[in-house]
Each structure stands twice: as structure tokens, then as C-alpha cells.
*Asks:* 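Before we start, here is the structure in question, set down as C-alpha cells.
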Amino acid sequence: MNFLTALVTFENLHEVRRLCHWGPVIALTVIAVCSSMAILDSIIWYWPLDTTGGSFNFIMLINWSVLILYNYFNAMFVGPGYIPLGWKPEKEEDTKYLQFCRMCQGYKAPRSHHCRKCNRCVMKMDHHCPWINNCCGHQNHAYFTSFLLLAPLGCSHAAFIFIMTMYTQLYERISFGWSTVKIDMSAVRRFQPIMPFSVPAFAATLFALGLALGTTIAVGMLFFIQMKVILRNKTSIEAWIEEKAKDRIQYYQTGEEFIFPYDLGRRWENFKQVFTWSGSPEGDGIQWPIHAKCHQHTLTIEQLKQKADKRVRSQIQYRVVEDYNGACCPLSKGLNTFFRTPCTEEPRIGLHKGETILATRGTKWWMYGDKVLDDAQTKAGVRLRGWFPRRCVEKCHYDTAVTSAMTSETSSEEKKVK
């Protein structure tokens, strides 16, 4: 009931702005179309309310709509939970195991990550979801996953109604030009429809069927992906961190054994960390139950090692050779760059000739990286990073002294962490 309480007391009235985004607009439109068309098709053409089955079917359709919207709005407005601004651990010596967030001016608690969209450090962040225009994290993970389960179930029910409506109303009209196919529906057709099943009604039902089937498949796949990580008490980000830990150990042949610290060993115990009868997840979002062979900072130490390794292996220096205005799909940079723009909400950054970029990843036509800023901007916590066309930059030749200095700095950081 957190969502209803927030609305009644108007504590989170500013959160209503989250609805003004393409993700919630599309999601709510799909829910509205499928729900309303399923109810109308049932009452008018397929299963009237004056029958026991029709009444039960109507109640189930309303039930799906209420449950889907309840979990959807809770996932959006309850939010993931945020680390307090300027947070630091109780023990000063624990700060060496944590990353410092320049945007929030505080340390990142275990399992937390900074979201560029929300502009806050999120508790147990899984990902930023454009469909709810919010992050999926510690406090709303159960609501979000419940929505992913209920949406395919409700859409499957609606799809059944759409198919049966068209089946019962069109069986006398199906024609292939040279013959007419008639299907015996005497056992099913027991009533006269309130109004004729016209071409617009058929088009609307067919459109709603497409939405329902597409939602069932797409959202159903997302549900199985979420349950896979929940049953191991992970998030999508942590699963990626674990994979990178294995790659790092194999690359350097360190002989380490990385044990994911939050997997409690039994799926039911992991499941209860997210889903509870009260609706509130276990824990405070900062301290977590851990594996017997690990401690609270096992994962954060691994993150620091990966960050140090990234400076050596990933960041490559590039010099800007063409200006770029930061457009999402710049036609002036070629057709391949235009049509193969990254399908992500991550920002683009404008470029000017002579600037330096530290690239961390990329595709054949685009690259992602940080712009090298002057000392004043760096001290102020300014950071400019995003996507840019690959043709706008060229790789710089490293100075041996600079590379050696960077490597020695990374080694010292690793020793500090250890």
C-alpha cells in the first residue's frame, strides 16, 4: 500500500513527472488497449455477463488489470531506494574498500551503483528501466518482477478472448474466392451479439491481439531473466561483475577463487531476500547477508580491482579529428553511422577538433568514452561521457613514459586494495 499512501499524503507528488516519458506512455497505452478491448469483446460478442462463465471471465479480466497496474505503479513510484547523499561507512577504515561517487559526494555502499538517469546512487541496482522511467533496485525489485509475471498472464487471457471473438464472429464469412469454409459453431454460439462485428471492430481486435501476443513473449522473457538472477540473489549488474571477475583472474592467472558473496546457497533463501509477505524486501539496502566464506566488501574489492584493470586494458586515447554536434542520428557522418546508431538512452557527447577522448567500448561505427577535461573541471566533479561516431576520432600513439606511469599507478591501487 506504499503507493496509495504516497498519493493520499502527496509526499511524492513530484514523482508524477515520471509519467511524462515515452516508456510509461507506451506501457500504459498497451495495458489500456488490451484490457479495454478484452472486456468489450467479451461482453458484446463472445461471453456475455448474464452467464456464469461470462461473469467469472469479466471478474478475471478486471483482476488482471488491477494487479498489473498496482505492481506497475508501485515499481515506478516506490522506487529502488537511494543511498543518502554524502554517505560514508561507520568505520573509517572501510572507505578504502569502497568507490567514491563524485556526483553524490559520498561513498557507494555495497551493491549500489550510480544511475546517470536518476542522478543518484541506487541501492542494489539492477538496471534503469525506461518502461517505468525509474531504476529497478532494492525496494521495488519485487513489484517490478511481479509486474513482469502478471503482464504476460493477463495478456495471454486477453489474447484468448481476441482469438475466440474473431473465431465465433467470422466463421460464416471466411472465403477464399472459389469456395466458402464453414465451421460448425452451434455448440458455442448460444446468443445473439449486442451489435454486429464490423470491420472496425475486427481491426481493433486484431491490433489488440498483436499487442497482447507481443507483450506476452517480450515481457515473459524478461520475467525469466529476472527470476534467474533473483534465485541466485544477484542483479543483472552483479552477474556481469562476476563474469568480469572470472575473465580478470584467467587473464592474469592470479590463482584467486572468486565466490559471489550474496548467494546464500539455497534458492528459497535467495527468493525470500526479494519477495516477502509484507511487500518490503529484507535488509536496509546497505548491510547484506553473505556467504560464509566472504565478507561485506568482497564484491566492492573486486570492483576496485576491475576498475584498476580497466585503466590498463580498456581505456584507449583518441584525438578528435572531426566536429560532432551530439546528434542522435547524424546523417552528415554517413549512412552507416546514421542507421546503426546505438539503441540506448545513454547520452551522445559533442566533439571539437583537437579534444582528447578516453574510449572504453564501441561498435563498428560508434564509440563510447570520457572526454578529457582540464584540472578545474575535474576537481569540480564534471564528467562528460557518452557515444560519438567512430569516424570523428583517430587513435593516439601512447608515450611510453605515460603508459608506464599509468601501469605503476594501477599496481599501487591494487596493492592498496589488497
Side-chain angles (χ1 to χ4, degrees), residues 2 71 74-75 78-84 87 89-91 93-94 96-99 107-115 121-129 135-150 221-250 254-306 417-418:
N2 294 338
N71 284 281
N74 267 304
V78 170
Y82 302 107
I83 302 296
W87 180 85
E90 294 180 358
K91 298 180 181 180
E93 59 268 24
D94 289 343
K96 64 183 179 181
Y97 303 127
L98 303 173
Q99 297 183 67
Y107 288 91
K108 297 180 182 179
R111 310 191 79 176
S112 68
H113 301 273
H114 186 86
C115 175
C121 285
V122 176
M123 294 179 178
K124 204 186 85 169
M125 179 178 175
D126 186 87
H127 67 288
H128 183 91
C129 178
C135 279
C136 174
H138 176 57
Q139 293 183 2
N140 66 351
H141 204 172
Y143 292 122
F144 180 77
T145 308
S146 298
F147 166 73
L148 295 184
L149 170 63
L150 292 167
M221 291 176 62
L222 292 177
F223 169 73
F224 283 109
I225 292 172
Q226 281 296 311
M227 286 306 301
K228 183 179 179 180
V229 295
I230 286 175
L231 292 177
R232 298 177 182 177
N233 202 12
K234 297 179 183 177
T235 64
S236 302
I237 295 177
E238 289 167 351
W240 175 236
I241 292 173
E242 185 179 26
E243 287 298 318
K244 290 194 293 182
K246 296 175 181 177
D247 291 340
R248 182 187 63 81
I249 293 171
Q250 182 178 8
T254 60
E256 302 174 64
E257 180 188 9
F258 178 77
I259 300 175
F260 183 74
Y262 306 115
D263 188 348
L264 303 182
R266 303 172 69 178
R267 292 185 176 181
W268 177 242
E269 292 298 323
N270 292 335
F271 181 84
K272 290 193 297 183
Q273 293 299 308
V274 177
F275 295 95
T276 61
W277 289 112
S278 65
S280 300
E282 294 286 345
D284 59 0
I286 295 178
Q287 296 287 329
W288 306 93
I290 54 174
H291 190 278
K293 296 183 179 180
C294 303
H295 56 83
Q296 286 292 330
H297 299 105
T298 297
L299 190 67
T300 59
I301 290 174
E302 175 59 33
Q303 289 177 263
L304 289 173
K305 291 180 179 180
Q306 291 180 12
V417 169
K418 293 177 181 179

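The chain is numbered in sequence order, starting from 1. What you see is a predicted model, and the numbers here were worked out from it, not measured in a lab.
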*Asks:* Could you go through Arg111 and Glu238, starting from their C-alpha distance and side-chain angles, then the distance that decides it, and tell me whether this counts as side chain to side chain contact (heavy atoms under 4.5 Å, CB included)?
*Replies:* CA-CA 8 Å; Arg111 310 191 79 176; Glu238 289 167 351; 2.7 Å; yes

*Asks:* Report yes or no: does Ser112 contribute a side-chain atom to a donor-acceptor pair with the main-chain N or O of Ala109 at less than 3.5 Å?
*Replies:* yes

*Asks:* Of all heavy-atom pairs between Tyr107 and Ile83, which one has the smallest distance, and what is that distance?
*Replies:*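 In terms of heavy atoms, the two residues are closest at O-CG2, 4.2 Å.
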
*Asks:* Could you tell me whether the side chain of Asn140 and the main chain of Cys135 form a donor-acceptor pair under 3.5 Å?
*Replies:* yes

*Asks:* Do the side chains of Pro281 and Val274 get nearer than 4.5 Å, heavy atoms only?
*Replies:*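 Not in contact.
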
*Asks:* In this structure, are over 12 heavy atoms from other groups packed under 6.0 Å from Gln250 atom CD?
*Replies:* no

*Asks:* So, the side chain of Ser146 versus the backbone of Ala142: is there a donor-acceptor pair under 3.5 Å, distance only?
*Replies:*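 Answer holds: yes.
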
*Asks:* Carefully, step by step, assess Glu302 and Gln306 under the rule side chain to side chain donor-acceptor pair (under 3.5 Å).
*Replies:* CA-CA 6 Å; Glu302 175 59 33; Gln306 291 180 12; 2.9 Å; yes

*Asks:* Would you compute the distance between atom CG of Asp247 and atom NZ of Lys244 and round it to the nearest 0.5 angstrom?
*Replies:* 9.5 Å

*Asks:* Closest heavy-atom contact between Gly279 and Tyr143?
*Replies:* O-OH, 4.0 Å

*Asks:* Charged N to carboxylate O under 4.0 angstrom, Arg248 versus Glu256?
*Replies:*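 Looking at Glu256 together with Arg248, the answer is yes, because their closest N to O distance falls below 4.0 Å.
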
*Asks:* Kindly give the heavy-atom pair with the smallest separation between Thr276 and Glu282, and that separation in Å.
*Replies:* CG2-OE2, 4.0 Å

*Asks:* Describe, in one word, how the ring planes of Tyr97 and His295 are oriented to each other, choosing from parallel (under 30°), tilted (30 to 60°) and perpendicular (over 60°).
*Replies:* tilted

*Asks:* Taking the side chain as C-beta and beyond, is there a heavy-atom pair between Pro289 and Leu264 under 4.5 Å?
*Replies:*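 In short, these two side chains touch, coming nearer than 4.5 Å.
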
*Asks:* Grab the two heavy atoms, one from Trp288 and one from Pro110, that are nearest each other, plus how far apart they are.
*Replies:* NE1-O, 3.2 Å

*Asks:* How far does NZ of Lys293 sit from OG1 of Thr298, to the nearest 0.5 angstrom?
*Replies:*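 Between atom NZ of Lys293 and atom OG1 of Thr298 there are 12.5 Å.
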
*Asks:* Would you call the rings of Phe271 and Trp268 parallel, tilted or perpendicular, taking 30° and 60° as the class edges?
*Replies:* parallel

*Asks:* Counting C-beta onward and ignoring hydrogens, is there a side-chain heavy-atom pair between Lys124 and His141 closer than 4.5 Å?
*Replies:* yes

*Asks:* So if I apply the side-chain hydrogen bond (donor to acceptor under 3.5 Å, both in side chains) rule between Asp126 and each of His138, Lys234, Gln226, which one comes out positive?
*Replies:* Gln226

*Asks:* So Val122 and His113, side chain to side chain contact (heavy atoms under 4.5 Å, CB included) or not? Walk me through it.
*Replies:* CA-CA 6 Å; Val122 176; His113 301 273; over 6 Å; no

*Asks:* Could you go through Trp87 and Leu98, starting from their C-alpha distance and side-chain angles, then the distance that decides it, and tell me whether this counts as side chain to side chain contact (heavy atoms under 4.5 Å, CB included)?
*Replies:* CA-CA 11 Å; Trp87 180 85; Leu98 303 173; 3.9 Å; yes

*Asks:* Return the CD1 to OG1 distance between Ile241 and Thr300, rounded to the nearest 0.5 Å.
*Replies:*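 Rounded to the nearest 0.5 Å, the CD1-OG1 separation comes to 10.0 Å.
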
*Asks:* Does Phe260 form a ring-ring contact (aromatic ring centres under 6.0 Å, His included) with Phe258? I'd like the steps, not just the answer.
*Replies:* CA-CA 6 Å; Phe260 183 74; Phe258 178 77; 7.0 Å; no

*Asks:* Would you say the side chain of Met125 lies within less than 4.5 Å of the side chain of Thr235, judging by non-hydrogen atoms?
*Replies:*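 No - every pair of side-chain heavy atoms lies 4.5 Å or more apart.
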
*Asks:* Considering only heavy atoms from C-beta outward, does the side chain of Met123 approach that of Tyr82 to under 4.5 Å?
*Replies:*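 No. Closest side-chain heavy atoms not under 4.5 Å.
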
*Asks:* Determine whether a donor-acceptor pair (N or O, by modelled atom type, separation under 3.5 Å) exists between the side chain of Asn71 and the backbone of Asn74.
*Replies:* no

*Asks:* May I have the step-by-step check of side chain to side chain contact (heavy atoms under 4.5 Å, CB included) for Cys121 and His114, ending in yes or no?
*Replies:* CA-CA 4 Å; Cys121 285; His114 186 86; 3.7 Å; yes

*Asks:* Are a donor atom and an acceptor atom from the side chains of Asn270 and Asp263 found within less than 3.5 Å of each other?
*Replies:*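 Asn270 vs Asp263: donor-acceptor pair found between side chains.
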
